[in-house]
Amino acid sequence: MKKFLDRLLESMSEYGIVNDEDSYDIVRYGAEMFIMKIIFLLATILVGIITHSLMEITIFMIVFQPLRTYGGGYHSKTKMRCFISSVLLMFLVVFSGKVMPEKILPVLSVASVLIGGTVIFFLAPIGTPNKPLDEVEKIVYRKRTRLILTAIIAAGIIILALHRYNWLFMIALGLLAVSLLLILGKFICEDE
């Protein structure tokens, strides 16, 4: 990816799009993040196709991604470690959805939504050493996290009423994953 980014930025420099070192670093970072997001999206779709769980993975990511964005919490030290742990998390989510007995899904899902939602409501947002949050960001991110959480729980109630327990379980796993990362972030970030 380094060579690709070098060529991309060299072309942008030739066309006058990037013309100083500050812009170069910012554009390089943005391009790298964009490419990583595309690769992660493709990996997510691939995991969903391979496991015949595209809808479940989609629901999990719809819950997980926005809460993770605004809620913060623990982050891996490298992009590669983040990517690998994220793909492993997706496989774990799909595996959990496939092996969990359907009889216990409603109760387990509701309990997990309540636990995960409570943790997220009270802990988020959590900054990191690489992205500490100032007081204004904490207020804004807390409001956004709680708004997203409210929408997810409302969707969960509708899904519960429709008896789509496997989808509700994906919502529950998304909330639990975010809450676990918030707890880890709180303890790890406070130590650093």
Side-chain angles (χ1 to χ4, degrees), residues 1-51 53-94 120 123-134 136-149 151-152 155 170-171 173-182 184-185 188-189 192:
M1 180 155 59
K2 183 184 180 324
K3 287 181 184 180
F4 173 76
L5 285 170
D6 289 341
R7 278 187 253 147
L8 175 67
L9 286 160
E10 187 178 307
S11 294
M12 293 174 96
S13 292
E14 288 173 8
Y15 287 104
I17 298 170
V18 178
N19 49 15
D20 62 45
E21 195 162 323
D22 288 340
S23 295
Y24 181 89
D25 291 339
I26 292 168
V27 171
R28 182 182 188 86
Y29 177 78
E32 187 175 353
M33 291 296 101
F34 179 75
I35 292 168
M36 289 297 292
K37 287 196 181 285
I38 295 295
I39 291 170
F40 183 70
L41 175 64
L42 294 173
T44 302
I45 292 168
L46 187 62
V47 168
I49 290 170
I50 289 170
T51 61
S53 303
L54 191 55
M55 183 60 140
E56 288 80 2
I57 285 288
T58 301
I59 291 168
F60 173 80
M61 291 307 295
I62 287 170
V63 170
F64 181 80
Q65 200 58 52
L67 286 172
R68 183 81 170 116
T69 298
Y70 294 110
Y74 175 78
H75 283 274
S76 296
K77 300 228 185 280
T78 67
K79 291 178 191 95
M80 185 54 72
R81 199 177 294 169
C82 176
F83 178 78
I84 291 169
S85 60
S86 296
V87 171
L88 289 174
L89 175 63
M90 285 188 289
F91 275 111
L92 180 64
V93 164
V94 169
I120 293 165
L123 282 186
I126 300 284
T128 64
N130 289 340
K131 181 152 181 17
L133 301 174
D134 63 34
V136 173
E137 288 174 315
K138 286 179 184 177
I139 291 167
V140 170
Y141 286 9
R142 182 173 295 114
K143 284 181 183 177
R144 288 180 185 172
T145 302
R146 288 178 176 177
L147 181 64
I148 293 165
L149 180 62
I152 289 168
M170 293 300 111
I171 290 173
L173 291 176
L175 294 177
L176 286 176
V178 171
S179 64
L180 178 64
L181 292 168
L182 285 169
L184 286 172
I188 291 171
C189 293
E192 293 181 1

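What you see is a predicted model, and the numbers here were worked out from it, not measured in a lab. Residue indices begin at 1 and follow the sequence shown.
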Enquirer: Could I get the full list of salt bridge (charged side-chain N to carboxylate O under 4.0 Å, His left out) partners for Lys3, not counting sequence neighbours?
Expert: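 With neighbours one apart ignored, the set is empty.
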Enquirer: Of all the heavy-atom pairs spanning Gly71 and Thr145, show the shortest one and how long it is.
Expert: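 The pair with the smallest heavy-atom distance is N-OG1, 3.5 Å.
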Enquirer: Does some side-chain heavy atom of Glu32 sit less than 4.5 Å from a side-chain heavy atom of Lys79?
Expert: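 A side-chain contact under 4.5 Å exists here.
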Enquirer: Start with the C-alpha distance between Val94 and Phe60, add both sets of side-chain angles, then the distance that settles side chain to side chain contact (heavy atoms under 4.5 Å, CB included), and finish with yes or no.
Expert: CA-CA 9 Å; Val94 169; Phe60 173 80; over 6 Å; no
Enquirer: Does any part of the side chain of Val93, heavy atoms only, come nearer than 4.5 Å to the side chain of Phe64, both counted from C-beta?
Expert: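 They are not in side-chain contact.
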Enquirer: The criterion is ring-ring contact (aromatic ring centres under 6.0 Å, His included); which residues satisfy it with Phe40, sequence neighbours excluded?
Expert: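 Here no residue qualifies.
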Enquirer: Just verifying a value: how many Å separate Met80 CE and Met36 CE, rounded to the nearest 0.5 Å?
Expert: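 These two atoms lie 6.5 Å from each other.
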Enquirer: Out of curiosity, Ile139 CD1 to Arg144 CZ, how far, rounded to the nearest 0.5 Å?
Expert: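 Between Ile139 CD1 and Arg144 CZ, I get 12.5 Å after rounding to 0.5 Å.
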Enquirer: Please name all residues satisfying side chain to side chain donor-acceptor pair (under 3.5 Å) with Lys143, sequence neighbours left out, ordered by chain then number.
Expert: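 If we apply the side chain to side chain donor-acceptor pair (under 3.5 Å) test to Lys143, skipping adjacent residues, there are no hits.
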Enquirer: Can you name the closest pair of heavy atoms from Pro66 and Met61 and give their distance?
Expert: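 Result for this residue pair: CD-O, 3.8 Å.
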Enquirer: Roughly how far, to the nearest 0.5 Å, is CG of Leu5 from CD1 of Ile35?
Expert: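 Ile35 atom CD1 to Leu5 atom CG measures 4.5 Å (nearest 0.5 Å).
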Enquirer: Got Leu173 and Val63 here, is their nearest side-chain heavy-atom distance under 4.5 Å?
Expert: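 Of all side-chain heavy-atom pairs linking Val63 with Leu173, none is under 4.5 Å.
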Enquirer: Tell me the closest heavy-atom pair linking Ala124 and Leu182, and the distance in Å.
Expert: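 The answer is CB-CD1, 4.1 Å.
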Enquirer: Does a side-chain heavy-atom distance below 4.5 Å link Glu56 with Ile59?
Expert: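 The answer is no, as the side chains (C-beta and beyond) never meet within the 4.5 Å cut-off.
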Enquirer: First locate atom CD1 of Ile148, then atom CD1 of Ile62, and finally report the distance between them rounded to the nearest 0.5 Å.
Expert: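 Rounded to the nearest 0.5 Å, the CD1-CD1 separation comes out at 12.5 Å.
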Enquirer: Considering all heavy atoms of both residues, which atom of Ile120 and which atom of Leu67 are nearest to each other, and what is their separation?
Expert: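 Result for this residue pair: CD1-CD1, 4.1 Å.
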Enquirer: Which heavy atom of Tyr70 sits nearest to which heavy atom of Tyr141, and what is that distance?
Expert: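 Closest approach of Tyr70 to Tyr141: O-CB, 3.5 Å.
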Enquirer: To the nearest 0.5 Å, how far apart are OG in Ser85 and CG in Leu92?
Expert: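 One finds 11.5 Å between OG of Ser85 and CG of Leu92.
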Enquirer: Identify the two heavy atoms, one from Val178 and one from Arg68, that lie closest to each other, and give their separation to 0.1 Å.
Expert: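 Heavy atoms of Val178 and Arg68 come nearest at CG2-N, 4.3 Å.
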Enquirer: Please report the interatomic distance CG(Leu181) to CG(Leu176), rounded to the nearest 0.5 Å.
Expert: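 Leu181 CG to Leu176 CG: 11.0 Å, rounded to 0.5 Å.
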Enquirer: Would you say that Thr44 contacts Met90 through its side chain, given a criterion of any heavy-atom pair below 4.5 Å between the two side chains?
Expert: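 Yes. Closest side-chain heavy atoms under 4.5 Å.
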